[in-house]
Participant: 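Once you've had a glance at the structure underneath, I'll fire off some questions.
The chains referred to below are lettered A, B, ... by the order of the sequence lines, with proteins before strands, and numbering in each begins at 1.
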Amino acid sequence: MRIPIQEVTPETGQAEVIGWVHEVRDLGGLTFFLIRDRTGILQVTVPKKKVSAEVLSAIKETSRESIVRVSGVVKAIDKAPGGRELVPDTFELVCRCASPLPLDVVEKVPADLDTRLDARFLDARRPRVTAVFQVRSQATKAVCDYLFSRGFLTITTPKVVAAATEGGTELFPIAYFEKEAFLNQSPQLYKQMMMGAGFEKVFEIGPIFRAEEHNTTKHLNEATSIDVEVSFADHHEVMRLLEDLVVHVYRSVQETCAGPLDALEIRELAIPEAPFDRLPYADAIGIAAKATGEPIQYGDDIGTVAEKAIGEHMGAHYFITDWPTAIKPYYAMPYEDDPSVCKAFDLMHPRMELSSGSQRVHQHDLLVHQIQSKGLSPESFAFYLTPFLYGMPPHAGWGLGAERLIMTMLGLGNIREAVLFPRDRHRLTP
RNA sequence: GCCCAGGUAGUGUAGUGGCCCAUCAUGUCGGCCUGUCACGCCGACGACUCGGAUUCGAAUUCCGACCUGGGCGCCA
């Protein structure tokens with residue numbers, strides 16, 4: 001019966017493991033195999049004079065990264081990794097690996113990210129790459145656990161949509177039978193419609209598509225968004241929800257991902273402290289202008305240079321609040337006493353934006369007005385506006401970039417490291 | 001979209017006009033080796049993105065194409 005390598009200890013006695021041949025060191029009369037599965041690495045030691053002819057012929061056929069099934073006695077040996085090794089009674093070549101390898105799984109020789117992504121199935125065998133996705137899996141679970149425990153419903157919404165509904169970002173057009181359609185940039189409008197349906201608290205973790213031709217380490221053309229919407233809540237409440245969630249995810253990863261964090265050489269995951277600072281947009285602009293010496297003015301978008309300067313100044317997670325209505329989407333609720341400023345916020349990590357959200361406009365006429373003032377046509381998305389005529393509760397929400405959350409948590413240099421099969425300006429395969 | 005950098009064995013690199021039928025490492029193959037853990041030692045194998053130009057001579061200079069990385073713009 002096969003057991004995970006992690007469970008092989010000096011006390012195990014007889015064991016059978018199946019895994020990939022990570023490394024081979026042939027010393028002549030003695031050969032060491034490092035066998036790897038997703039739980040760890042085990043040394044298999046073959047004293048050539050003491051094993052059967054079948055074992056000898058099998059190891060002769062075995063190449064690096066082949067899959068082997070090995071069984072034998074586990075011995076406590078100080079000199080072996082993990083303090084134990086297995087001496088095989090049987091050694092079966094399950095699947096021989098071709099050679100040469102497209103990249104070096106053992107990482108003796110580095111590989112460019114591009115090479116790694118071309119051979120992602122092999123790249124993902126590297127323990128530190130596996131670790132990223134073990135952490136991502138746990139983070140996803142932590143998000144779901146957190147939101148379910150607070151009474152949220154998870155929903156799914158269409159990724160194929162009829163029209164460019166939000167303005168702003170570019171959309172990917174696709175052929176939909178005889179009609180033109182697009183890949184959705186955000187579940188925003190659908191989340192809001194479910195507020196109109198009375199679901200009160202919903203979330204969706206799903207893909208979003210942006211057809212921007214950017215070429216950076218923090219943008220993807222297909223990303224994963226953790227989207228939340230809450231009825232009868234304002235922007236303050238969903239900011240508290242968001243910061244609590246982020247802290248919860250960090251804690252959960254720290255508590256349950258010791259192995260992966262170790263593989264990533266993260267000794268201690270720094271858990272952000274809530275509440276995060278609330279930095280009004282006007283103050284953020286002031287900081288950026290002072291720090292960069294550039295003519296950054298109230299009303300400007302916060303560009304990369306400004307974002308970096310403010311991040312360095314803040315030094316931890318923070319919110320930028322109270323944005324000018326003019327540079328936020330039409331669905332962000334303006335303040336009653338000063339409609340030029342709205343109840344929108346961005347959650348920032350010192351390195352980059354992680355999330356943006358707001359209290360939403362829930363009054364039909366105001367929403368129509370806001371859409372028009374953005375130069376958009378209300379008629380083109382009547383399907384969205386109609387629910388606002390039939391009892392739409394006040395509501396607020398946000399969208400959090402899953403890859404950026406993982407990237408900043410683990411200190412990854414490139415967002416593509418946080419996705420198995422990234423889609424960027426140039427990459428469509430694998 | 002603008003700008004910058006780059007493309008040399010399977011992988012990562014050195015090489016800025018002749019010293020290069022190309023360096024080093026890793027890998028693969030063969031040989032030696034019973035405690036390795038980046039095992040060691042010996043030997044072999046394997047590459048200049050493509051097209052054109054300049055030149056006695058081009059991996060190296062120039063032009064074009066293709067491909068890639070990055071910065072910025074843009075980005076719910």
Participant: A quick test of your reading: do over 12 heavy atoms of other residues, nucleotides or ligands sit less than 6.0 Å from CZ of A/Arg38?
Facilitator: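 No, not enclosed.
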
Participant: Which residue pairs pass the salt bridge (Lys or Arg N to Asp or Glu O under 4.0 Å) test when at least one of the two sits in residues 304-323 of chain A, sequence neighbours left out?
Facilitator: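 Salt bridge (Lys or Arg N to Asp or Glu O under 4.0 Å) check on residues 304-323 of chain A returns A/Lys218-A/Glu307.
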
Participant: What nucleic acid atoms does A/Leu34 come within less than 4.0 Å of, heavy atoms only: base, sugar-phosphate, or nothing?
Facilitator: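 The answer is nothing, as A/Leu34 stays clear of every strand by at least 4.0 Å.
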
Participant: Is any side-chain heavy atom of A/Leu241 closer than 4.5 Å to one of A/Phe152?
Facilitator: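 Side chain of A/Phe152 against side chain of A/Leu241, heavy atoms only: contact under 4.5 Å found.
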
Participant: Would you tabulate the pairs of protein nitrogen or oxygen atoms and nucleotide nitrogen or oxygen atoms of nucleotides 9-15 of chain B closer than 3.5 angstrom?
Facilitator:
| from | atom 1 | to | atom 2 | distance (Å) |
| --- | --- | --- | --- | --- |
| B/G10 | O2' | A/Leu101 | O | 3.0 |
| B/U11 | O2' | A/Pro110 | O | 3.1 |
| B/G12 | OP1 | A/Asp112 | N | 3.1 |
| B/G12 | OP1 | A/Thr115 | OG1 | 2.7 |
| B/G12 | O4' | A/Pro110 | O | 2.9 |

Participant: One pair to check against ring pair (Phe, Tyr, Trp, His ring centres under 6.0 Å): A/Tyr330 and A/Phe381. What are the steps and the verdict?
Facilitator: CA-CA 13 Å; A/Tyr330 56 82; A/Phe381 36 118; 5.8 Å; yes

Participant: Can you tell me if A/Lys108 touches the phosphate of B/G27, counting only side-chain N or O atoms and a distance under 4.0 Å to OP1 or OP2?
Facilitator: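 Answer is yes, contact under 4.0 Å.
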
Participant: Testing the 3.5 Å rule here: is there a donor-acceptor pair between the side chains of A/Thr157 and A/Lys159?
Facilitator: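 Judged by distance alone, the side chains do pair up.
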
Participant: Could you tell me which residues satisfy salt bridge (Lys or Arg N to Asp or Glu O under 4.0 Å) with A/Glu107, sequence neighbours excluded, listed by chain and number?
Facilitator: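 Result, salt bridge (Lys or Arg N to Asp or Glu O under 4.0 Å) vs A/Glu107: A/Arg126.
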
Participant: If the C1' atom of B/G31 is compared with that of B/G70, how far apart are they to the nearest Å?
Facilitator: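 To the nearest whole Å, 47 Å.
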
Participant: If I pick the C1' atom on B/G7 and the same atom on B/G64, what distance separates them, to the nearest angstrom?
Facilitator: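 Nearest-Å result for B/G64 against B/G7 at atom C1': 16 Å.
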
Participant: Could you pull out all residues at least two apart from A/Thr217 that satisfy side-chain hydrogen bond (donor to acceptor under 3.5 Å, both in side chains)?
Facilitator: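 With sequence neighbours excluded, A/Thr217 shows a side-chain hydrogen bond (donor to acceptor under 3.5 Å, both in side chains) to no residue whatsoever.
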
Participant: In dot-bracket form, how is RNA chain B paired, counting a Watson-Crick or G-U wobble pair only if both its distances are under 3.5 Å and using | for bases paired to another strand?
Facilitator: (((((((..(((.....[.....)))((((((.......))))))...(((((..]....))))))))))))....

Participant: Cation over ring, A/Arg150 on A/Tyr146, under 6.0 Å and within 45°?
Facilitator: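 Yes - A/Arg150 lies over the ring of A/Tyr146, closer than 6.0 Å to its centre and within 45° of its axis.
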
Participant: Would you say B/C72 has OP1 or OP2 under 4.0 Å from some side-chain N or O of A/Thr216?
Facilitator: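 So the side-chain polar atoms of A/Thr216 never come under 4.0 Å of the phosphate oxygens OP1 or OP2 of B/C72.
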
Participant: Give the rounded distance in Å between these two atoms: CG of A/Leu30 and P of B/G40.
Facilitator: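 Result: 16 Å.
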
Participant: For the P atoms, the ones on B/U16 and on B/G46, what distance do you get once it is rounded to whole angstrom?
Facilitator: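 That atom pair is separated by 25 Å.
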
Participant: Would you say a side-chain N or O of A/Asn414 is under 4.0 Å from OP1 or OP2 of B/G70?
Facilitator: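 For B/G70, OP1/OP2 do have a side-chain N/O of A/Asn414 under 4.0 Å.
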
Participant: Would you mind classifying the nucleic acid contact of A/Glu85 as base, sugar-phosphate or nothing, using non-hydrogen atoms under 4.0 angstrom?
Facilitator: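 It contacts base atoms.
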
Participant: With a 3.5 Å cut-off and no angle check, do the side chains of A/Thr224 and A/Arg136 form a donor-acceptor pair?
Facilitator: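 Result is yes, a qualifying pair exists.
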
Participant: Sticking with atom P, work out how far B/A9 lies from B/A5, rounded to a whole angstrom.
Facilitator: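 B/A9 and B/A5 have their P atoms separated by 22 Å.
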
Participant: Would you jot down, in residue-number order, the residues of residues 351-371 of chain A having a non-hydrogen atom under 4.0 Å from RNA chain B?
Facilitator: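 Listed by number, they are A/Ser356.
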
Participant: Just by distance, no angles: are the side chains of A/Gln192 and A/His395 close enough, under 3.5 Å, to form a donor-acceptor pair?
Facilitator: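 There is such a pair between these side chains.
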
Participant: Atom CZ of residue position A/Phe172 - does it have more than 12 heavy atoms of other residues, nucleotides or ligands inside 6.0 Å?
Facilitator: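 Yes, the 6.0 Å shell around CZ holds more than 12 heavy atoms from other groups.
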
Participant: Are the charged groups of A/Arg427 and A/Asp118 less than 4.0 angstrom apart, N to O?
Facilitator: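 Yes, charged N to carboxylate O under 4.0 Å.
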
Participant: Write out all pairs satisfying side-chain hydrogen bond (donor to acceptor under 3.5 Å, both in side chains) with one or both partners inside residues 83-94 of chain A, taking only residues at least two apart or from two chains.
Facilitator: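 Residue pairs passing side-chain hydrogen bond (donor to acceptor under 3.5 Å, both in side chains), neighbours aside: A/Gln14-A/Asp89, A/Gln43-A/Glu85, A/Thr45-A/Glu85, A/Arg69-A/Glu92, A/Ser71-A/Thr90.
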
Participant: Using a strict 4.0 Å threshold on nitrogen-to-oxygen distance, state whether A/Lys60 and A/Asp26 make a salt bridge.
Facilitator: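 Result for this pair is no, no salt bridge flagged.
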
Participant: In whole Å, what separates the P atom of B/G40 from that of B/C63?
Facilitator: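 The answer is 46 Å between these two P atoms.
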
Participant: Between A/Ile208 and A/Lys48, which residue's closest nucleotide on RNA chain B lies nearer the 5′ terminus?
Facilitator: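 Here A/Lys48 is the residue nearer the 5' end.
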
Participant: Who are the ring pair (Phe, Tyr, Trp, His ring centres under 6.0 Å) partners of A/Tyr384, not counting sequence neighbours?
Facilitator: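 Listed in chain order: A/Phe388.
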
Participant: Under 4.0 angstrom, heavy atoms only, what part of the nucleic acid is A/Glu23 near: base, sugar-phosphate, or nothing?
Facilitator: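 The answer is sugar-phosphate, as A/Glu23 gets under 4.0 Å only of primed atoms, P, OP1 or OP2.
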
Participant: Taking only residues two or more places apart in sequence, or in another chain, which ones meet A/Ser52 in a side chain to side chain contact (heavy atoms under 4.5 Å, CB included)?
Facilitator: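 Partners of A/Ser52 by the side chain to side chain contact (heavy atoms under 4.5 Å, CB included) criterion, ordered by chain and then number, come out as A/Glu54, A/Val55.
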
Participant: List every contact pair, protein side and nucleotides 45-47 of chain B side both N or O, where the distance is under 3.5 Å.
Facilitator:
none

Participant: What is the ring orientation for A/Phe383 with A/Tyr190, classed by angle as parallel under 30°, tilted 30 to 60°, or perpendicular over 60°?
Facilitator: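 Ring orientation of A/Phe383 relative to A/Tyr190: tilted.
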
Participant: What contact category does A/Lys49 fall into here, base, sugar-phosphate, or nothing, at under 4.0 angstrom with non-hydrogen atoms?
Facilitator: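 Base contact - A/Lys49 has a heavy atom under 4.0 Å of at least one base atom.
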
Participant: Which parts of residues 301-311 of chain A get close to RNA chain B, meaning a heavy atom less than 4.0 angstrom away?
Facilitator: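 Close to the strand are A/Asp301, A/Gly303, A/Thr304.
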
Participant: Less than 4.0 angstrom between a side-chain N/O of A/His219 and OP1 or OP2 of B/C75, yes or no?
Facilitator: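 False: A/His219 side-chain N/O out of range (4.0 Å or more) of B/C75 OP1/OP2.
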
Participant: Which atom pairs link the protein and nucleotides 1-5 of chain B when you take only N or O atoms and keep those under 3.5 Å?
Facilitator:
| from | atom 1 | to | atom 2 | distance (Å) |
| --- | --- | --- | --- | --- |
| B/G1 | OP2 | A/Glu213 | OE1 | 2.4 |
| B/G1 | O6 | A/Glu213 | O | 3.3 |

Participant: Of all heavy-atom pairs between A/Tyr318 and A/Phe276, which one has the smallest distance, and what is that distance?
Facilitator: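 The answer is CA-CB, 4.0 Å.
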
Participant: Does A/Ser63 or A/Gly399 map to a spot on RNA chain B nearer the 5' end, using the closest nucleotide for each?
Facilitator: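 The residue mapped nearer the 5' terminus is A/Ser63.
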
Participant: Can a side chain N or O of A/Arg84 be found less than 4.0 Å away from OP1 or OP2 on B/C37?
Facilitator: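 For B/C37, OP1/OP2 do not have a side-chain N/O of A/Arg84 under 4.0 Å.
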
Participant: Please measure how far the C1' atom in B/U8 lies from the corresponding atom in B/U68, and state the result in whole Å.
Facilitator: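 Going atom to atom, C1' in each nucleotide, I get 15 Å.
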
Participant: Can you classify the ring geometry of A/Tyr281 versus A/Trp323 as parallel (below 30°), tilted (30 to 60°) or perpendicular (above 60°)?
Facilitator: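 Aromatic pair A/Tyr281/A/Trp323 classed tilted.
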
Participant: Closest heavy-atom contact between A/Ile5 and A/Asp37?
Facilitator: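 Looking at all heavy atoms of both residues, the shortest contact is N-OD2, 3.0 Å.
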
